[in-house]
Amino acid sequence: MPELPEVETVRRMLEGNVVGRTVRAIRLSGQRLRSPISPVAVRRLRRRRIDSIGRHGKYLFLHFDGGHTLLSHLGMSGRWLFSPSPPDAPLPHVHARFEFEDGSSLRYQDPRRFGLLRVVSSDRLGHEPELRSLGPDPIANGFAAEDLAARARGRRVAVKSFLLDQRQLAGIGNIYASEILHRARVHPSRAAGRIVAREWNAIARSTRKVLLEAIARSGTTFSMYRTLWNEPGQYGEQLRVYDRGGQPCRDCGTAIRRVVLGQRSTFFCPSCQPRVTTKRKK
DNA sequence: ATCCTATCCTGTAGGC
DNA sequence: TGCCTACAGGATAGGA
């Protein structure tokens, strides 16, 4: 569910609301997520203060003093929810609750349990298997179209599946992959290795533009995603193709098509995104 | 190496 | 109303 813009929204809100707070107690549910949560490791965060919040792709890093980092991935349905005061009605599917010394609390809720919570030592963060193979973050400095083109060389996968591959580029998910390709006017089924430099430039530009605009609207709430304050994101109104099968393209009026690529719904405009690169008239 | 499928899990929407 | 099926924003292991 949450892609880079949603995760970045949560990162910013964690930065503004929990940095500087010290953990008094932690409660775990005992339910396993993508992998089991180690209660022993989590206990190391007691009495520790949250110093900063980082992110790469869809992964969040809550850096504590004492050299501990809480690694977090929201999977499909994960939410971090902040409450300024203690008396909270209990919620279903809360897997971890952090109570701070000032009485506020932070809960991790995740019905489908595809998320990840793991306490690691901060200086070994880069060695975590999930992070080691991640590609560049597209809104970090230094992200370049040439890098994408080089990574795609010789690849036959559909460019849309390529954009979803976190080893190539970290943070793009199923909604924004379709949105980016529509903005770049590239057909999602085209082989990644056959995209030409001019198109990679368009894809790279569209990627930054779509992701930054989505962040500015606190992300997209399709169904589950909520911000730290349990509010929906506002980018859904801006979506040009995702979940708009049969509806008119906002640019040209042609009916948006839905196809399945790599078992994921994919949306595109057949007229704005022709399968073959249009040859330019002389 | 690369590509593709099945799988983990719960909630929800739609058909009947 | 209830029952059933299909599908959902992700990642990964394993087979071809």
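For the numbers below, each heavy atom of this structure counts, side chains included, while hydrogens, waters and symmetry mates do not. Chain A is the first sequence line, chain B the second, and so forth, proteins listed ahead of strands; every chain is numbered from 1.
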Student: Determine which bases of DNA chain B form Watson-Crick or G-U wobble pairs with both distances under 3.5 Å, and write the result as a 5' to 3' dot-bracket string with | for other-strand partners.
Tutor: .|||||||.|||||||
Student: Tell me, please, which residues at least two apart from A:Ala204 pass side chain to side chain contact (heavy atoms under 4.5 Å, CB included).
Tutor: A:Phe143, A:Ala145
Student: Has A:Phe114 got its ring stacked on the base of C:dG10, with centres under 5.5 Å and planes less than 30° apart?
Tutor: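 Taking the rule of under 5.5 Å and under 30°, the ring of A:Phe114 does stack on C:dG10.
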Student: Can you tell me if A:Arg113 touches the phosphate of B:dT10, counting only side-chain N or O atoms and a distance under 4.0 Å to OP1 or OP2?
Tutor: yes
Student: List, one per line, each side-chain donor-acceptor pair under 3.5 Å for residues 146-155 of chain A, sequence neighbours excluded.
Tutor:
| unit_1 | atom_1 | unit_2 | atom_2 | d |
| --- | --- | --- | --- | --- |
| A:Asp147 | OD1 | A:Arg151 | NE | 3.4 |
| A:Asp147 | OD2 | A:Arg151 | NE | 3.3 |
| A:Arg151 | NH1 | A:Arg167 | O | 3.1 |

Student: Test your reading of the model: is there a side-chain donor-acceptor pair from A:Gln109 to the backbone of A:Leu81, 3.5 Å cut-off?
Tutor: no
Student: Which residues in residues 236-247 of chain A have at least one heavy atom lying under 4.0 Å from any atom of DNA chain C?
Tutor: A:Tyr242
Student: Is any side-chain nitrogen or oxygen of A:Gln166 closer than 4.0 Å to OP1 or OP2 of C:dA11?
Tutor: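 True: A:Gln166 side-chain N/O within range (under 4.0 Å) of C:dA11 OP1/OP2.
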Student: Using a cut-off of strictly less than 4.0 Å, decide whether A:His73 has a side-chain nitrogen or oxygen near OP1 or OP2 of C:dA11.
Tutor: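 The answer is yes; a side-chain N or O of A:His73 sits under 4.0 Å from OP1 or OP2.
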Student: So, is A:Ser265 near the phosphate of C:dC7, with a side-chain N or O under 4.0 Å from OP1 or OP2?
Tutor: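 No, because none of the side-chain N or O atoms of A:Ser265 sits under 4.0 Å from OP1 or OP2 of C:dC7.
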Student: Looking at residues at least two apart in the chain, or sitting in another chain, which of them share a ring-ring contact (aromatic ring centres under 6.0 Å, His included) with A:Phe61?
Tutor: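 In terms of ring-ring contact (aromatic ring centres under 6.0 Å, His included), with neighbours along the sequence ignored, A:Phe61 is linked to no residue.
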Student: On DNA chain C, compare the nucleotides closest to A:Arg34 and A:Arg258; which residue's is nearer the 5' end?
Tutor: A:Arg258
Student: Can you sort out which residues in residues 144-165 of chain A have a heavy atom within less than 4.0 Å of DNA chain B? Ascending by number, please.
Tutor: A:Arg155, A:Arg156, A:Val157
Student: Between C:dA8 atom C1' and A:Phe222 atom CZ, what is the distance in whole Å?
Tutor: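 That distance rounds to 7 Å.
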